[in-house]
Structures are given as C-alpha cells and as structure tokens.
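Keep in mind that this is a model prediction, so the values were computed, not measured.
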Amino acid sequence: MSGSIPFYQKQHRHYDRGYRSKEVGSAVSQYQSSSSYATHSRASASRSPTHLAMDKENQIIGYVVPIFRGSQEYASGLSDTEEARMKESAGYMARRNLFTSGLEMERTEQTSRKVSMRQSAEHISLSKRIYENEEYHKCMNEDSLMHAPEFVIKPRSHTVWEKQCVRLHCTVSGWPDPRVIWYKNNVTIDPMARPGKYKLQSSYNVHSLQIDRCDFDDTAQYRVSAMNSRGELSTFASVVVKRFKGEVDETLPMPRHGIVSEYGITFETHIVDGFGVSFGREGETMSLGAMVIISPNLARYQPEVQWYRDDVLLQPSKWCQMHWSGDKATLTLTHLNKEDEGLYTLRITTKTKYETYSAYVFVRDADAEVEGAPGAPLDVTCQDANKDYVIVTWKQPAVDGGNSILGYFVDRCEVGTTHWSQCNDTPIKFARFPVTGLVEGRSYTFRVRAVNKSGMSRPSRTSEVVAAMDPADRARMRGTSAPWTGQIIVTEEEPAEGVVPGRPKELEVAEATKNYVVLSWKPPGERGHEGIMYYVEKCVSGTDSWQRVNTEIPVKSPRYALFDLAEGKAYRFRVRCCNSAGVGEPSEATEATTVGDKLDIPSAPGRVVPTRNTATSVVVSWEASRNAKELVGYYIEASIVGSKTFEPCNNKPVKTTRFICHGLVTGESYVFRVKALNAAGLSECSQESEAIEVKAAIGGGIPHASPTPPYGISILECVRDSMVLAWKQPTFIGGADITGYFVDYREVINGVPGKWHEANVKAVSDRAYRVSDLKENRKYQFQVRAANMAGVGIPSLPSETFICEEWTIAVPGPPHDLQVTEVRANTLVLLFKPPVYQGRDPVNGFYIDIKEADAEEEAWRGVNEKAISTNYMKIKILKEGETYVFRVRAQNKAGVGKASEPTEPVLAETKPGTTEIVVDIDDDGVISMNFACSNLTPDSKFVWSKNYKEITDETRITVATSGEKSKAIFNMPAEDDIGIYSCAVTHTNGESSSYTLSAEGEKLLEISHDHKFPIIPLKTELAVELQEKGRVRFWLQAEKISANGKIQYVFNDNTLSQGEKYKMNFNKDTGVIEMIMESLLQEDEGTFTFQLQDGKATNQSSLVLIGEVFKQLQKESEFMCKEWHRKQGPHFVEYLSYEVTPECCVFLKCKVGNIKKETVALWYKDGREVKGDGNLTFTEGVLNLEIAQISKKDAGVYEIVMKDDRGKDTSTNATTKSSTALKIQSTEEGIRLYSFVSYYNEALQVTWHHKDSAIAFTDRIKSGVVGEQLWLQITEPTEKDKGKYAIEFHDGKGGLKRTVELAGQAQWPNLVLLFSDRARVAGGLPDVVTIQELKALNLTCNISGDPVPEVVWLKNEREIVSDDHYIMKFESGKYASFTITTVNTTDSGKYSILVKNKYGTESADFTISVFSPDSKK
C-alpha cells in the first residue's frame, strides 16, 4: 500500500496531510503562549486567576469575556470599536486571560460594591503590563494584529461654483497599511491622463483628492477605496458644480423647440467600425473597440459608456479595463480566462436614447502543462462564508483531455501571502466543497484544479477575496468608529452571572454527498453576554450511541462539514453549545440522512438540430435534458464528418437550448452533440446530429435564390367590389421555403392597362387571396410575386383581364389548389380545396375528371360516378407510362359547377427508390408507421398527415425523425385512430406514401398486446411422474428459452431452493425444467409452480396436488419405494399361479429373481409348512410345487416364502379380482374413462397409461375411485389426447390390464369442439389484492370462447353495475378489465368474474383487502 501513492499526491508536498493541521497548530500555540503568560501573571499576582473556559472533562473550550465592560474600557484605554479590531491579537487574548480571573468565584459569591471598585482599581494598575504584553506580541506575531481597513474620517460631499477648486480628504486606519484608490463614477482617476486637473496626496494615513478649476463635467459621485490583505472598504462623496445664473457657454448651440434633453439638444448616436466575433486563448490579452459618432459633436459632452457581458454590467477591475477617448470606446481584457467568454455588448447612452452593439468572444483553454491533462475549471465562487468555514463552488471544464476527470482539488491562499495550500487529500467529483479550518478574521482566495489519469490541469482563475468572519461582524466592519480620546471612564456595573447556552435551533442537513455532509443551524436565544462555540455529534441511525465529531476544538460558525462518513450508511446529527459556563443541552436530532449523492447527473439532452447561419457558423438547437435538477448549462461539441474527433464550441456553459457555433470551416460538413452539466457532473453526450455543410443559409449557395414567378392565375369568386384570385406555385422555389405571396392589380381602361398597385402589404401564405376595394364592372389584371428568405421574386406575367361583377349563378365555383402526390405506376392521390364560391346551396360533393395530357378537350372523362365528400381521392385507373392531367368539379343541389384549372401533366410511373410506409410493432408493443427517404436535401422535412390534414396535435401520435427515417408512433391505439395516414417529404421530387388503417387494426392491437406482455411458449405444462425408488419428478418443457432464462420454483407462495429435499435442473438445450423430490410427505400437499423469465417474456405453470390426487400420488410413490426395497433381496418376478395338466396334476409355480446359494424357499399350506418330499423343484429361477391327483384335502391357501440375509418375499395363490372393460363417457368437464372391479381395497395398485407411458396427472388430467368405479378424467381434450389408454391393476400377487382406443371414434370431433369453444377465464387475476385506501385499482384478465362469452362481475355473490366508481370493460372479445377509481374500505370483499356461452360457464374468484395508512402504521 505504501508504494501506491497517487501521482497527484506525489507531486505536492501536502500528501502527508500535515498541512491540514497548520491552522490548528497555530491556534494551539497561541493558547499555550497565552496560558504560559497567564501562569506567569498568577505567580506575580495571586489574586488574578486564569479565565480559560473548561468543560466537565477539563477540556479547554474557549475564553471568558470580561463581565466588567466599563472597567475593561477604562483599563485598556480603547474604545469598543478599536478593541473589536484587536480581538485577534495575542495581546488582547492575554488581557482577557488576566481580566477574567475569578469568574467561577463570582458565580457563587455576591461581591459588594466596595470590592468591585477595588478590583477595578487593580485592573487599572495592570494596564502597563498589558501594554508591555502587546508590544511583546507585536514583535513575536505581527499577523495577529492585522485587520481590515477602516475610515476614521470619511470624505464629505461638496457643492462648489465653476472654476473653483475642491478637495476631498479622508483618514484611513488598518494593518498592513491600506492602498487607497479614488474613482469618479466608478472609473479610476488617473492624474497623468489630465495633468493639472487632479492631485492625489497621502501622508500619515490621511489621503486627499484635489480637483482644480471645477467645471460642469466634474459633477459626479466620487468613491475612495481602501484595501489591504485583510479586506476592502469603500466610502462615497458627491461633488456638485454650479454655474452662475445667466452664464452660458458660447460654444453650445442655442436651445431647440421640441424634445428638451441634455443642454436642450437631441443627440443621434451611431456605432461604426465595431468589433466582430473574437477568439482568444487563456492567458492572452484582448481588446474590443468601436468607433462612436455622436451628432451634434460637442467637444465637452461625454456620453455614458457601459460594457456588458451576458447582460451583466462590467466594472473596472484587474481583469478588465475600459477607456473612452471621445470617439472610441475600448474594453481591454488583460488576462483572458474562460470566465471572460460570452456575449459582449457596448452600450452608449445619451439623455435622448441609447445604442448597443454586440459580438461573441470565445476563449479556448491554454495548452496543458501535461499532455492529456484536462482543462482548468472555471467560475470559482465562495458561498456561505462564516467564521471558520466557506463553501467553494465551480463549473466543470468542457475539455477532459481525452480521459474522464477523476475529480478536483481545491487550493486556498491567505491574502497577503503567495503560498497555496491544498484543502482536500483526494480528488472530489462534486463541483462543490466545504472548506473548514479557516482562521477567523483572515481573508482568503481559492482556486480549483482538475485531474485525470494523465495529470493535473492548470489552476482556475482565483476567486474573489472572502473574509472568514461572522456575517454580522462583516456588516459592522463597514461602519465608522470614533478616534480614541485618551480618557478612561470608570463605571460601576453589577457582575453578570455566567449563563449556560441553550439548545441550537433549526438544525438541518444543508447538503449531503458521498464525500461530506454539511450541517447548518441557528444560535440559541439564551447564551449570556459572552460568545459561544459548538460541538457536533453524530449517531448511526437505529442506535443511540452518540459520538462527538470535533473533540479537540469547538467550531465557531453555525455551519459544519463532516467528512469520512461511510457511504450508504444512515446517520443522525445534533449540536451542543458551549461557553465558559459549560456545555448546553443538545439540539433536536436531525432525521436519518443516508450518505450519498442526492443530486443526480442530468440526463443526456434530446435531439440536436443544426441549421445553417453564415459561411463560418451554424445555429445548433437541442431538446433540454428532462428532469434535470440544478442545471448549470450545456457544452456543445463539433466534429468534422469522418474525423471522429470532437472539439468544444463553447468553453463556458450556456443555459439556453440554442447556440451559434462560430469559427467553422466553410464547405466542411460537421456533426454536433451536446452535454448537460450540474454540480454532480456532466451527462452522457446526446445523439449526434445530422451532418450539415457549413455555408450561408440564404439560398443554400444558389446564385439566384429568390423564387421563379407563380403562374395560372384564375378567379374563384367575384362580388361587387372584390375578387378572389388563385394561382399555382412557382416551378422553382429557390434556396428556401416560400414564405408568402404578394399580389398586384391594375385597372384596364379601353384596353390600356394602368399603373400597378399593391393589393397586400403583408405576405399571404395561401395560394388564394381576396383583392378588395375594386370598382364594380371595371376590368382588372393581376400579377403575383413569391417571396422566400432570399427576397421577393420577379412578378408573374399579367393575368387575363377579368371584369369585377357579382356572380349570381346557382352552381358552385371551381375548386382550386390541386396537388398530385403518391404517384405510382397505376395509382396516385389527388388533393384539392373546395370552391370559395358555394352557389345558392352548400357544396355536397365532388367529381374528378381525367384525360391524357395530349388528348383533345372532348377526351375528359369522369373517374367517379358517385360524388365524393372528401377533399382527396386515390385514383387507381392509370396505365403505366401514360401522362395524365386532372380537374375537379363541385356540385350542390343546383347542379355541377365549373371545373377547376387542370393540373400539370403527371407521368404514371414508380420512380426508382420509391418506398412505402411500413407498420411495425416493436418488442415493447409500440405500434408505429415508418417511412424512409434516401433523396433528402438539407432542407427536407417529413410531414405526417391523417386523412391528408397535417398532424399538429401529438396527443394521439408522436412523430420522431432521425436521418433519412421518420416514424409516427401511436400513443394509445384506439378506434379513433382509424384513417388514412400519409407522409410527404418536402424539397424532394414528390417523395410520399400513405397507409390506410382500417378495422384490421384490431389485429395490430392483439400483436401489440403480445409484444408488450410476451409469453415463453411451453411444449408441455407442469406435470408430475414417479421414478425409481418412488422419487417424484415435477417437469415441464419450454418450446423456446435462451441461455439467460431464469427459473423460480414456488410451493404454496414460498420460493424453493436447491437442497437435500429438492433437486433442480434446467437443461437449456432442450428446455426441460425439472425438480425431483425423494418422497412426498404430508406437508408437501399444495400447489407447485414453475415461474419462467427470459428477458421481458414470462410464463408460469402450476400443478395442484391436494386431496385425493395427492393421496393417490403419495401411495404410488410409497408403493414404488417399497417395490424397490423388495427387489434388493430375493423377490418374486412372477407371483404364484397354478396350472392343471391333462393328467389332473396341479402345478403351483412362480418365478423369482435376485437369488443366491443361501436363498431358502419355504412352502406353506394354510399357514403350515409343506414338507419337502421330493415334489419341490427349484430350477432356473422357477419354483414349482406339484400336487398329483388333487383332491378336496388339497384345498387351501398355498404360500411360498423366499428369504436370505438380504430379506424375504411372500406370494400366495390368491388372484386379482375381475374387472369390466374400459369405457368412454362424455361429461360436462370433458371425457371420462372408467372401469368397474368386483371389489376394491387399498392394497389394489392402479396405474393408468397413455400410449404405453404412465400418465402424469395435472389439473387437466385426473384419476380417482368412486365406489367400485375407477375413472380417468380428461378436461378440455385436444388432438394430443388421442391414442391408446390402459388401466393396469396389481394387488401385490397378480395383475390385470384393460385397454381402449380413443382415436378414430365418431364422438371425438364433437367432444373437442364442445370444450375448445366453451367460455373460459384464461388467467391474469390474483388470488388476493391488498391495497391502500384512496388508491386506484385495475385488474385485467383474458377471456376465450366461441361464441363470445357474456361477462358478469360479482361482489359477495351480487352482480356489480358499471358506474363512476366501478368501471368494467370487455374489449375485442378477449380482454376484460375491472377498475375501482378510488378504493375505500367498503370495497373489501370477495369478487368474481363469471363468463358463459352456450357451451359452458366458468368463473374466477379473487379477494380485495383495503387498509388505511393510519391502521397500517
């Protein structure tokens, strides 16, 4: 471990963590020095005990504030304010140690007024020692005396006459000596800029500004700023310059009438020769400037010049300097950093108005000191500063050097020094860090460095100076203090009793990350006259063991950061106050807080869309990150197509979702991507945008980008004073979409056309327009011009001459705006708009006419015999290769109106590369229509329509486009979505297609449902079979399951696991899943379930073993187990039987197995052994007993016993009872096979076979005994159930077998039909539902049956009627749903669904249990 120190620790001398205790060590040394001095004082003056504050464990917690405030002031000879400035000095601490002695004694005794006065006198006598002690510590530690500047005397405001002199002066105190700067209207005063105008003097902390020969321009607000290493303070004074009445400058023009402004003049401002988009690198110097022309030009007039960055006013500082030369404004950025990137705006303001000019400045990272190191962080700020604590925040850089950033280091530097100390040992990834251990009263600056595996970045720009002090003290420091008069005033004051502070208030976890937790609270109301400090305690949640965190030194700030907490563990926190009187009670503990990042990294931004802008820039817009918290902004990256190298377009995050990327190479193609960031880090990159070529947007590089003229002007309607025109779109629209049309008209008198007049000032988007204010019975001509982003095109040729007279015909006017789309070899779609003129009655239909393009007018023929009501029609009578034209006529009750203008000729052909809309259903069951186009242009767009009306509302359909593909996704497919869907691609040669979604959509819904809820297909359901030794094997076989499939074995809702009792096996090659049990016990009665999961697909199969079924299986298992054990020794292969020979001899014989030499066979008759008389034979495993010439005396029960050391077996001559033939019966449940025996007892073993294999019993196939009847029930028989069935009897001595053939019988088709079409509940309902009150409940199940079953829902055996509370649906004859909108306690009970048709009835039950949240608790 010692040899693996990270490189970022090896490169710094702080890796040994010693620097973390420097401030603590300094404080301890001061305490020790003060204590040693106090000890010396006690030796010389025994009546002055020490005043260190101790807790119960004698730990130093602070110093006591003297209780005699008046006497203290007298003794020190200092005012309160001056004494406050000395609080950090060692002399002051020593004085407090000396003056606060005897506090504990004063708590218990009442000191008389006389004693108090005597003690005051003793304190005065020690003032000399105090002075000597102060001088001693000045030499030993000057830093302890450092304090921020203070204005002892502030400059006062003046009002003077012109040409007089004015002097502003002030007195400043501070250590080290402050630096004083004078400002006029926040602009630094430079005496060298105007020699003789300003004089600056400084002597013995007295500073002055003298202004000679004041004029009107000197009227301003003046500011003086004093700054040293401990802080900065400013104060203000105003100078007003007045002019004698009647005195006017002859150089000024005379006042004008009208608007009266500065000097009675209205100024006009123009910014010329401005600065453009600029690029710089960190560390460089950049100047931005612009010439300003102000008219009239007055030599003595100065406008207000302001500079803004990202709409924030800039102030002069060491980073930026501003200059105004009278006609040019300049902004100089002295040392570029990424913080300087942004939109810069120059604003010139006069009393009349203002003018602005803006341009963007980009700042790139400086070259890394180590190759591959990340860029420097930016925007380092300090927040929530207090006595010993501050939070440092920053923004992550856009450049990570090619490797992910491991984290950040925070450095601090005390003002007045050049030494930087690292604040954190290990890099932190969160862009926020609490810095603790600051020394109260001192000022600090901070910087941040990023680190990756290649190395460390350059440090960021330093933060603003921040002082470590109480915010209230910081506010008080800005006040003034009176000088020391040298008087010591002795006052009498009753001694104050020490007060133990109360509980801190409003304790909360202000911030929690995996690296630290920040606590904040408010001081208590009860805390006495002296200061208080705090102890922080923590406790692991769930325990009551509190542990003090800051055991050595209490904290002064009501803030505290805890480090080294275990990630993922929950803690509670509390705080105690302490002072010299003791340690107070703890605050209320916080709620349990789990250590971990509460702020998530934002999600990747959405779709990125680039748009052409200029020859070197592209406008990039994107969809904002969803549900992003505390979003800081976005970084945009660009890459030349094919290079696979992305470079940042901005190095300072932007908060908008639109950005102009400058500095691109003209003619190159780029792709763009976007990242979002917050304090938690940077998101994943968005998907790359489509490639775009960098060139000017207007015209797309085409020399003549304006559209060609429209054509085909016609009249749609005419009234007394207006006419409605229509025209056709230009054949060439230029480099951009047409934004509108302009119509001109002129009157024609006696065949002579007049002057053109504009009919519309604002462009119209439709290709129809009503021209108003015409004169009745006058003749007019019209022309139309099209416009796009490039400008307005040339006008069309003048139209025919039309007479403005009102139409009175009864039939409608002509339809207009005919468009042809979806052209194929034999079909096309014709779109049109209805006529403007309706006639006497509304239009009720349309007729489409067609003819070959080169045919005569007489060749027009109708396409439809019956009028259509829609504004579109698909024409299917085309011949491939022919060219056609089309027209449309409208009709109303009066008849058919005038035909429209014909379309342009259309060639009936399917163009190469033509594609159609494809309907797809993905794995999530989402139905979408997909259309692809390979002939896209940069300006092409996919336009989706329903019934040839563009889809603008995405409540039912969402359109998503990526590259050359677009899809329309159904949000919630329903009957309302039936219609014709089409997609057209703009800026192509008519690329379009359509898809008709009709009633067949129900099939899509079924497929969608299957995709949403996929099921693993099974070859066999869960079955059970008996193996050797009576083992019980549960098994099923999946038809298809991948190697990643998972199986869960469940018994009575309890998950089973591999062990001695259960042996599981899953053969992923065959899909066979099995579980083997050695035997069945009584507790194994219940339901066995195999649950399968393969990705999203699931399935399960259950087998119920209860009642007689379980008992029967258990008996068979026990029997097979006994048989196996029996066969381990000598046993009978064939039990005892007899044979009668023709000679009337009876042979008793049996066949045995597993015998050896020691095996003994004994014969018995009626329980008595039969003597071996030579008639007993034992050869080749067959035992014979011959009874020659049998007679009545030989009647009896014969028995044979075989035994040896392994066991024994017995057989008698009893025979198996007789049984009837196996028969078939049809029942309500299915098919029953049965046979009767003469009598039945438990010793009789019964086995059923199907196709010579033992039957595995399930819920569908069951067996049982009713009286002397043995039966096998097959529920819902299928084709697989055909075949040979057999029942085999065995009583332990003999056996019998009956068979029957179930295939080929006449009743089979009827049996199968009966049970395949009966109403069934296929599953999906739970047994029990437990739900909280006021929630919503929805249950769904599948229904089958032909004809479609009737569905009834019951509650407690009573039918439920659908209403607002209970909503019951039965969709597509397959899906039944039950919804309770707002569940309450009265909804608890037993529910059922009952389905029935003519073939049968079935029900399913479930129980709903509703609980209240209060009762649950």
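- For Phe1090, the ring pair (Phe, Tyr, Trp, His ring centres under 6.0 Å) partners are Tyr1049, not counting sequence neighbours.
- For Asp1259, the side chain to side chain contact (heavy atoms under 4.5 Å, CB included) test picks out Val1104, with sequence neighbours left out.
- Remark: Trp1353 pairs with Phe1378 by the ring pair (Phe, Tyr, Trp, His ring centres under 6.0 Å) rule, at least two apart or across chains.
- Between the OG1 atom in Thr915 and the CD atom in Glu964 there is a gap of 10.0 Å [rounded to 0.5 Å].
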- [ ] Go through Thr955 and Asp953 one step at a time and tell me if the side-chain hydrogen bond (donor to acceptor under 3.5 Å, both in side chains) criterion holds.
- [x] CA-CA 6 Å; Thr955 55; Asp953 184 7; 3.0 Å; yes
Set out, in order, the CA-CA distance, both residues' side-chain angles and the distance that settles salt bridge (Lys or Arg N to Asp or Glu O under 4.0 Å) for Glu1108 and Lys1262, then state yes or no. CA-CA 10 Å; Glu1108 293 299 327; Lys1262 302 177 182 179; over 6 Å; no
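- Residue Lys1282 comes nearest to His1250 through the heavy atom pair O-NE2, 3.0 Å, listed as atom of the first residue, atom of the second, then distance.
- For the atom pair CD (Gln1273) and CZ (Phe1257), the distance works out to 12.0 Å, reported to the nearest 0.5 Å.
- Between Lys629 and Asp600, no side-chain nitrogen of the basic residue sits less than 4.0 Å from a carboxylate oxygen of the acidic one, so the salt-bridge criterion is not met.
- With salt bridges taken as basic N to acidic carboxylate O contacts below 4.0 Å, one links Arg1260 and Asp1281.
- Expressed to the nearest 0.5 Å, how far CD1 of Ile969 lies from OG of Ser928 amounts to 6.0 Å.
- The CD1 atom of Ile951 sits 6.5 Å away from the OG atom of Ser945 when rounded to the nearest 0.5 Å.
- Considering OG of Ser994 and NZ of Lys946, their distance stands at 14.5 Å, rounded to 0.5 Å.
- Side chain of Asn1099 to backbone of Ile1016: a donor-acceptor contact under 3.5 angstrom is found.
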What donor-acceptor contacts under 3.5 angstrom involve side-chain atoms of residues 1033-1041, with partners at least two apart or in another chain?
from, atom 1, to, atom 2, distance (Å)
Arg1033, NE, Glu1074, OE1, 2.6
Arg1033, NH1, Glu1025, OE2, 2.6
Arg1033, NH2, Glu1074, OE1, 3.1
Gln1037, NE2, Thr1070, O, 3.0

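- The nearest pair of heavy atoms linking Met1077 to Asp1084 is CE-OD2, 3.4 Å.
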Could you walk me through whether Phe1406 and Tyr1391 satisfy the ring pair (Phe, Tyr, Trp, His ring centres under 6.0 Å) test, starting with their C-alpha distance in whole Å, then the side-chain angles of each, then the deciding distance to 0.1 Å, before giving a yes or no?
CA-CA 5 Å; Phe1406 59 95; Tyr1391 291 75; 5.7 Å; yes
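- The ring pair (Phe, Tyr, Trp, His ring centres under 6.0 Å) check on Phe942 picks up nothing, with sequence neighbours excluded.
- The distance from atom OG1 of Thr1379 to atom CG of Asn1338, rounded to the nearest 0.5 Å, is 3.5 Å.
- Taking Tyr1062 as the reference, nothing meets the ring pair (Phe, Tyr, Trp, His ring centres under 6.0 Å) condition, with sequence neighbours excluded.
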